[in-house]
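Because only heavy atoms are used, hydrogens play no part in the values below, and waters and symmetry mates are left out as well, while side chains stay in. Note that the structure is a prediction, hence the values are computed from the model and not measured.
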Amino acid sequence: MLTIHHLNFSRSTRPIWLLEELGLPYKLVKYERDANGRAPDALRAVHPLGKAPVMVDDDLALAESSAILTYINDHLGGGRFAPKAGTDKRFIHDEWLQYVESSAAFPISITVIGSKLGGLSDGLKRFAEPEVANTLNYISSALTKGPYIMG
């Protein structure tokens with residue numbers, strides 16, 4: 001059975017959501033962050049990065065949520081939550097899937113972490129604020145085409 005190693009306040013809610021939407025069985029192993037907001041060392045025993053989510057299915061262990069989502073959809077979900085592989089629509093889908101993990105997440109994470117640590121320095125503010133605005137504008141412009149970004 002597929003196992004999801006879930007850390008509170010992490011992107012591991014993404015594969016859990018997809019598994020629930022697809023109605024697929026899975027085992028959930030929960031972890032709590034320490035007082036410094038870090039994942040416990042026990043996660044390193046599951047995957048060398050020591051981060052969550054981690055999906056384990058037989059001998060395969062994956063640690064990036066977008067890779068896990070693609071695996072679940074393509075391998076276990078019959079491709080129901082993504083356009084057909086190899087099509088332009090699928091490439092756009094994958095771009096959005098990876099965008100939230102990379103380009104969008106970075107400036108937003110800086111802002112969130114900075115607020116938890118008492119605020120951003122002026123230099124980080126000058127970087128993060130326009131990047132967050134650009135990210136939100138990009139997402140908003142995609143939503144002008146319909147109620148959903150990817151259908």
Side-chain angles (χ1 to χ4, degrees), residues 1-33 37-39 43 46-58 60-117 119-121 123-151:
M1 174 180 283
L2 182 134
T3 301
I4 297 293
H5 293 267
H6 168 68
L7 178 64
N8 63 324
F9 305 109
S10 74
R11 291 183 181 100
S12 58
T13 55
R14 298 173 79 203
I16 293 168
W17 164 82
L18 181 58
L19 287 162
E20 291 290 328
E21 286 291 318
L22 290 168
L24 297 172
Y26 63 98
K27 178 182 173 187
L28 184 64
V29 180
K30 296 180 181 180
Y31 301 84
E32 296 290 323
R33 293 180 181 278
R38 301 227 179 255
L43 270 170
V46 180
H47 191 281
L49 286 175
K51 298 180 181 253
V54 174
M55 178 209 77
V56 178
D57 192 20
D58 296 323
L60 178 64
L62 295 175
E64 290 295 327
S65 66
S66 59
I68 294 167
L69 293 174
T70 300
Y71 176 86
I72 292 169
N73 182 68
D74 293 357
H75 188 67
L76 304 172
R80 293 182 278 169
F81 274 70
K84 184 178 176 186
T87 64
D88 287 353
K89 285 184 179 185
R90 178 61 180 261
F91 294 124
I92 292 168
H93 169 273
D94 291 350
E95 177 186 46
W96 277 106
L97 194 63
Q98 294 173 31
Y99 174 72
V100 300
E101 293 293 331
S102 56
S103 300
F106 183 64
I108 292 170
S109 295
I110 287 173
T111 303
V112 170
I113 292 167
S115 70
K116 289 181 186 251
L117 297 175
L120 294 175
S121 69
L124 279 177
K125 271 186 191 178
R126 284 192 304 276
F127 168 78
E129 287 177 354
E131 291 299 317
V132 169
N134 186 48
T135 295
L136 296 176
N137 288 335
Y138 182 63
I139 294 167
S140 293
S141 69
L143 288 169
T144 62
K145 300 170 185 156
Y148 305 105
I149 291 175
M150 294 189 283

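Counting heavy atoms from C-beta outward, Pro53 and Leu7 have side chains that stay 4.5 Å or more apart. Using a 4.5 Å heavy-atom threshold, the side chains of Asp57 and Tyr71 count as touching. Phe81 places a side-chain heavy atom less than 4.5 Å from the side chain of Glu21. Here the side chains of Leu22 and Arg80 are in contact, with some heavy-atom distance below 4.5 Å.
Atom NZ in Lys116 sits 13.0 Å away from atom OG1 in Thr111 (nearest 0.5 Å). Leu97 contributes atom CG, which lies 7.0 Å from atom OG of Ser65 (distance to the nearest 0.5 angstrom). Here the CZ atom belonging to Arg14 is positioned 10.0 Å from the CD atom belonging to Glu64, to the nearest 0.5 angstrom. Rounding to the nearest 0.5 Å places CD1 of Ile113 at 10.0 Å from CG of Leu120. Between atom CG of residue Asp58 and atom CG of residue Leu2 there is a gap of 9.0 Å, rounded to the nearest 0.5 Å. Rounding to the nearest 0.5 angstrom, the gap separating the CZ atom in Phe127 from the CD1 atom in Ile110 is 5.0 Å.
Atom CG of Asn137 has more than 12 neighbouring heavy atoms from other residues, nucleotides or ligands inside a 6.0 Å radius.
Residues Asn73 and Ala82 come closest through the heavy atom pair ND2-CB, 3.4 Å. Between Ile68 and Ala63, the shortest heavy-atom contact is CD1-C, 4.2 Å. Between Ala105 and Val100 the shortest heavy-atom distance is CB-O, 3.1 Å. Shown here for Lys27 and Met1, the closest heavy-atom pair between the two residues is N-SD, 3.6 Å.
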Carefully, step by step, assess Ile16 and His6 under the rule side chain to side chain contact (heavy atoms under 4.5 Å, CB included).
-> CA-CA 9 Å; Ile16 293 168; His6 168 68; 3.6 Å; yes
Tell me, with the steps shown, if Val54 and Leu62 meet side chain to side chain contact (heavy atoms under 4.5 Å, CB included).
-> CA-CA 6 Å; Val54 174; Leu62 295 175; over 6 Å; no
Derivation and outcome, side chain to side chain contact (heavy atoms under 4.5 Å, CB included), residues Leu124 and Arg126 | CA-CA 5 Å; Leu124 279 177; Arg126 284 192 304 276; over 6 Å; no
Candidate pair Tyr26 and Met55, rule side chain to side chain contact (heavy atoms under 4.5 Å, CB included), full reasoning | CA-CA 10 Å; Tyr26 63 98; Met55 178 209 77; over 6 Å; no
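A salt bridge links Asp74 to Arg90: at least one charged side-chain nitrogen sits closer than 4.0 Å to a carboxylate oxygen.
Side chain of Thr70 to main chain of Ser66: a donor-acceptor pair is present (N/O by atom type, distance under 3.5 Å, no hydrogens or angles). At distances below 3.5 Å, not a single donor-acceptor pair connects side-chain atoms of Thr135 with backbone N or O atoms of Ala104. In this structure, the side chain of Asn8 engages the main chain of Arg33 through a donor-acceptor pair within 3.5 Å.
Taking the centre of each ring, Tyr138 and Trp96 come in below the 6.0 Å mark. Taking the ring centroids of Tyr31 and His5, they lie under the 6.0 Å cut-off.
For the side-chain contact (heavy atoms from CB on, under 4.5 Å) test, no residue two or more places apart in sequence or in another chain qualifies with Pro130.
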